[in-house]
There are 4 protein chains.
Amino acid sequence: MARTAEPGRRDAILDAAHTVFARKGYTAASIADLAGELGIGHGTVYRYFGNKRDVASAVLDRALARIAEVVAAELPDATGTLAEYRAQVWRIGHRLYELFAADPALGRLVFFDLATVDDDLRGRHREALDRFADFTAAYLRNGVDRGFLRPDLDVEVTARVVNGMVFEGAAQVARDPAALELRDAWIRAVVTLMFDGLAAPTP
Amino acid sequence: MARTAEPGRRDAILDAAHTVFARKGYTAASIADLAGELGIGHGTVYRYFGNKRDVASAVLDRALARIAEVVAAELPDATGTLAEYRAQVWRIGHRLYELFAADPALGRLVFFDLATVDDDLRGRHREALDRFADFTAAYLRNGVDRGFLRPDLDVEVTARVVNGMVFEGAAQVARDPAALELRDAWIRAVVTLMFDGLAAPTP
Amino acid sequence: MARTAEPGRRDAILDAAHTVFARKGYTAASIADLAGELGIGHGTVYRYFGNKRDVASAVLDRALARIAEVVAAELPDATGTLAEYRAQVWRIGHRLYELFAADPALGRLVFFDLATVDDDLRGRHREALDRFADFTAAYLRNGVDRGFLRPDLDVEVTARVVNGMVFEGAAQVARDPAALELRDAWIRAVVTLMFDGLAAPTP
Amino acid sequence: MARTAEPGRRDAILDAAHTVFARKGYTAASIADLAGELGIGHGTVYRYFGNKRDVASAVLDRALARIAEVVAAELPDATGTLAEYRAQVWRIGHRLYELFAADPALGRLVFFDLATVDDDLRGRHREALDRFADFTAAYLRNGVDRGFLRPDLDVEVTARVVNGMVFEGAAQVARDPAALELRDAWIRAVVTLMFDGLAAPTP
DNA sequence: AATGAATGAGATTTCATTCAT
DNA sequence: AATGAATGAAATCTCATTCAT
């Protein structure tokens with residue numbers, strides 16, 4: 001039998017790539033940087049991935065999957081009232097922010113760097129955002145069906161608008177880790193805007 | 001009196017850079033691509049810019065300035081009622097979307113590519129977003145002061161949240177030009193969310 | 001008693017190398033290709049050969065030996081008349097062509113690829129051709145001695161010239177397997193040239 | 001105007017490539033070797049050739065053209081008698097040998113190295129040999145038509161056989177420059193074989 | 001002022017070779 | 001004995017930058 005293969009080697013490389021791509025950007029990061037981060041020979045990377053783009057592809061997939069996991073943790077049709085839905089948005093917002101707080105590189109990778117590597121990755125990125133929009137749309141549609149959201153809501157577009165608000169928080173953090181402090185304020189602002197609106201309450 | 005030979009030359013280079021960077025991405029675009037787009041020798045670029053990064057820097061500045069122009073076209077304290085503010089948001093949204101529709105490259109440059117060139121550009125990008133947030137915050141604060149926006153609004157954060165919604169539209173278009181069709185629906189969704197909220201009207 | 005584990009293994013590797021070197025060329029063929037052809041681990045090759053060059057060396061030796069076998073099958077002094085010698089050349093020619101027909105890779109290896117690996121192999125190749133020339137020279141010298149070949153023949157050089165004709169047939173096949181069809185025509189042309197000459201018979 | 005282009009730069013690179021490829025073999029020779037031979041930066045090579053293979057292609061073309069020049073210098077139908085043809089073969093043989101003597105690398109490149117770079121070059125090489133065979137065939141056909149060569153000659157195949165003899169001389173030199181001494185003996189042996197045959201003259 | 005020939009740093013990728021298992 | 005994971009030397013190629021003209 002050969003020298004035993006390091007079992008988590010492939011994942012370790014992806015972890016290192018995640019870090020290094022986020023730190024230097026995809027193009028500026030070299031395979032040697034990757035390998036150096038791990039303390040392995042750079043040729044080793046090529047035992048697990050055909051080329052640099054394939055590494056990026058796998059990193060993006062993992063990153064998107066991690067986000068999808070959070071988004072999909074709740075059921076779209078689990079809420080029957082506005083108050084329940086509001087609570088649900090709180091929970092999802094919290095978890096997402098937690099995710100981006102725990103791994104600030106995630107936002108940088110997903111919302112800036114890896115989405116522009118090539119047409120294929122651009123496509124996969126767009127598809128993922130579409131899927132996230134579909135999730136949000138399902139929540140909204142449930143609310144409209146049950147009567148606690150306004151019937152004239154443009155469900156598809158509003159879903160994207162809402163996601164824009166939410167992911168902008170992640171982008172903030174990606175741009176400036178100091179934005180992490182905004183976590184609670186951000187979620188509160190989003191929820192307030194969505195459910196209470198901007199207008200002053202009429203007495 | 002102009003120091004450089006041809007005063008229009010520098011701008012022409014920036015125009016070409018804007019186009020080429022948006023088409024191929026900053027790193028993939030070469031100085032030769034840039035000069036080729038203009039039909040000038042690539043050595044000439046170095047008479048107007050110290051290096052490639054400086055070109056990117058100037059392109060980003062111009063792009064941000066173009067956005068700032070639109071945002072700053074309205075006066076934050078020009079509105080005294082909710083209806084007026086609503087109309088103002090409509091106008092600003094329309095003009096921004098018009099800008100990104102007229103030049104879809106703009107979004108790609110500002111929201112993806114040039115912001116990740118290096119720390120300095122990253123910083124300038126962040127500052128610009130901060131400035132835009134300040135603008136929006138000024139509008140919101142005016143509304144709170146005049147009493148037509150809710151007094152407990154977290155003005156700073158909400159400004160960023162609102163900008164997130166708006167700029168997400170631009171990012172959509174940058175990712176997929178087909179999203180241009182969403183223009184009116186997008187603005188309507190943003191305005192509805194801000195002013196009418198998600199909740200079904202109580203009878 | 002064999003020192004190596006499996007006595008046939010070494011030969012199997014040489015067979016595979018023969019095939020793969022002929023297919024892809026020495027430099028383009030990797031040790032992994034070689035092992036893959038056999039279905040063994042590529043590390044195993046190094047249990048039987050010190051390095052890639054040693055494999056080439058052994059392949060070349062075997063190939064040259066295979067040719068030598070054919071050339072040496074006849075006895076140089078077995079013929080006493082021109083007609084007998086002519087028949088002998090026919091036989092040798094046929095057998096050589098049969099060899100190159102049965103294994104078209106042989107020509108590619110001997111006449112192109114392996115002879116240029118390094119100075120040592122280049123030398124061994126030259127030596128082998130010298131030995132083949134010596135064989136042919138022995139046939140010619142026998143003919144001169146017995147009086148049925150012209151006495152003023154430059155035996156050494158003519159031997160090389162004759163071999164040139166013969167091996168050129170092999171090189172043809174190595175360059176283009178379709179040349180195999182020429183087999184009989186080729187041998188007839190060589191024999192005619194050698195024994196009948198180009199000139200029209202005088203009446 | 002730019003720094004004036006070295007006028008013979010492209011040719012100088014081909015000369016250096018000719019030398020270096022012949023010395024180390026195509027694959028073992030690096031672009032850096034090439035550039036080093038000339039004392040220029042290796043990047044400069046890429047201003048004149050798209051890649052290494054293109055350099056090889058141009059070197060092969062030049063080498064084949066140089067041989068073709070010699071072969072085509074005589075007219076196939078210029079001879080009316082066996083004696084004239086014999087003299088012509090002498091002349092062509094001499095010139096070819098002169099060529100290979102003046103540039104021993106030529107044989108190595110044409111008959112060994114560059115012909116195996118890839119399928120395209122292999123094809124071009126084969127075509128060139130075919131063209132050379134066509135030349136020789138034209139000479140032979142002329143002789144047959146005029147009646148001084150035997151009417152039953154297989155013109156096509158004999159042309160290749162004859163070329164085999166001739167080019168084998170070049171290959172000799174390519175393998176071992178010492179073979180240059182054989183020049184006159186070689187030509188005499190070829191001519192004798194072609195026109196006098198091997199057989200002892202009958203009294 | 002404008003040019004583009006020249007350069008070499010640096011990136012990706014391949015693969016012969018080693019060696020722990 | 002056999003394996004194949006790991007390695008890094010070395011090769012090809014790109015391109016930002018310089019600078020003679």
Side-chain angles (χ1 to χ4, degrees), chain A residues 1-7 9-10 27-35 38-55, chain B residues 2-6 9 27-36 38-55, chain C residues 2-6 9 27-36 38-55, chain D residues 1-7 9-10 27-35 38-55:
Chain A
M1 208 155 309
R3 199 186 296 202
T4 309
E6 202 70 42
R9 202 25 87 86
R10 206 189 119 97
T27 345
S30 72
I31 292 289
D33 289 334
L34 267 193
L38 263 177
I40 64 174
H42 65 272
T44 304
V45 174
Y46 286 90
R47 291 195 56 75
Y48 294 89
F49 299 93
N51 52 44
K52 191 183 172 187
R53 202 212 73 103
D54 285 355
V55 180
Chain B
R3 223 181 354 214
T4 45
E6 249 190 82
R9 191 45 73 94
T27 347
S30 70
I31 291 287
D33 288 333
L34 223 156
L38 261 179
I40 63 174
H42 61 271
T44 306
V45 174
Y46 286 88
R47 300 205 62 78
Y48 295 90
F49 299 93
N51 53 40
K52 191 183 173 187
R53 202 211 70 103
D54 286 354
V55 180
Chain C
R3 224 179 355 208
T4 44
E6 248 190 81
R9 190 44 74 92
T27 345
S30 71
I31 291 288
D33 287 333
L34 223 156
L38 261 178
I40 64 173
H42 60 270
T44 306
V45 174
Y46 287 88
R47 299 206 63 80
Y48 295 90
F49 299 92
N51 52 42
K52 191 183 173 186
R53 202 212 70 104
D54 286 354
V55 180
Chain D
M1 209 153 310
R3 198 186 298 201
T4 308
E6 201 70 43
R9 206 20 93 85
R10 205 189 119 99
T27 345
S30 72
I31 292 289
D33 289 334
L34 266 192
L38 265 177
I40 64 174
H42 66 272
T44 305
V45 174
Y46 287 92
R47 290 194 57 74
Y48 294 90
F49 299 93
N51 52 44
K52 190 183 172 186
R53 203 212 72 103
D54 285 354
V55 180

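No hydrogens, no waters, no symmetry mates; every other heavy atom, side chains included, goes into these values. Keep in mind that this is a model prediction, so the values were computed, not measured. Residue numbers begin at 1 in each chain, while the letters A, B, ... track the order of the sequences.
Look at CZ on A/Phe49: it is 12 Å from P on F/dA6, rounded to the nearest Å. One atom, CD1 of A/Ile31, and another, P of F/dA11, lie 21 Å apart when rounded to the nearest Å. Rounded to a whole Å, the CG atom of B/Asn51 is 14 Å from the C1' atom of F/dC15. If you take CG of A/Leu34 and P of E/dT13, they are 12 Å apart, rounded to a whole angstrom. The NZ-P distance, from C/Lys52 to E/dC15, rounds to 8 Å in whole Å. As rounded to whole Å, 10 Å separates atom P of E/dT3 from atom CG of B/Leu38.
Listed here is the closest heavy atom pair of C/Val45 and C/Ala35: CG2-CB, 4.4 Å. In terms of heavy atoms, B/Ile31 sits closest to B/Tyr46 at CG1-OH, 3.7 Å. Minimum interatomic distance between A/Arg10 and A/Phe49 (heavy atoms only, all atoms of both residues): NH1-CE2, 3.3 Å. Between A/Lys52 and A/Ala29 the shortest heavy-atom distance is NZ-O, 2.8 Å. Of all non-hydrogen atoms in B/His42 and B/Ala32, the two that sit nearest each other are CB-CA, 4.1 Å.
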Protein-nucleotides 8-10 of chain F N/O pairs closer than 3.5 Å?
residue	atom	partner	partner atom	Å
F/dA9	N6	A/His42	NE2	3.1

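Within the 4.0 angstrom heavy-atom criterion, only backbone atoms of the sugar-phosphate kind lie near B/Ala29; the bases stay farther away.
Each of F/dT3, F/dA16, E/dT12 was ranked by its minimum atom distance to the side chain of C/Arg9; first place goes to F/dT3. Relative to the side chain of B/Tyr46, the nucleotides F/dC15, E/dT17, F/dT18 differ in distance, and F/dT18 lies closest.
At the phosphate of E/dA6, OP1 or OP2 sits under 4.0 Å from a side-chain N or O atom of D/Tyr48.
Comparing B/Arg53 and A/Arg47 by the nucleotide of DNA chain F that holds the closest heavy atom to each, the one mapping nearer the 5' end is A/Arg47. Toward the 5' end of DNA chain E, the nearer of the two residues A/Gly50 and B/Val45, judged by each one's closest nucleotide, is B/Val45. Projected onto DNA chain E by closest heavy-atom contact, A/Ala32 and C/Ala32 fall at different nucleotides, the more 5' of which corresponds to A/Ala32.
The OG1 atom of B/Thr44 sits 6.0 Å away from atom CZ of B/Arg9, with the distance rounded to the nearest 0.5 Å. Note that the CG atom of A/Asp33 and the CG atom of A/Leu38 stand 12.0 Å from one another [nearest 0.5 Å].
Paired regions of DNA chain F, where each region holds three or more successive Watson-Crick or G-U pairs whose two hydrogen-bonding distances fall under 3.5 Å, are E:2-21 with F:2-21.
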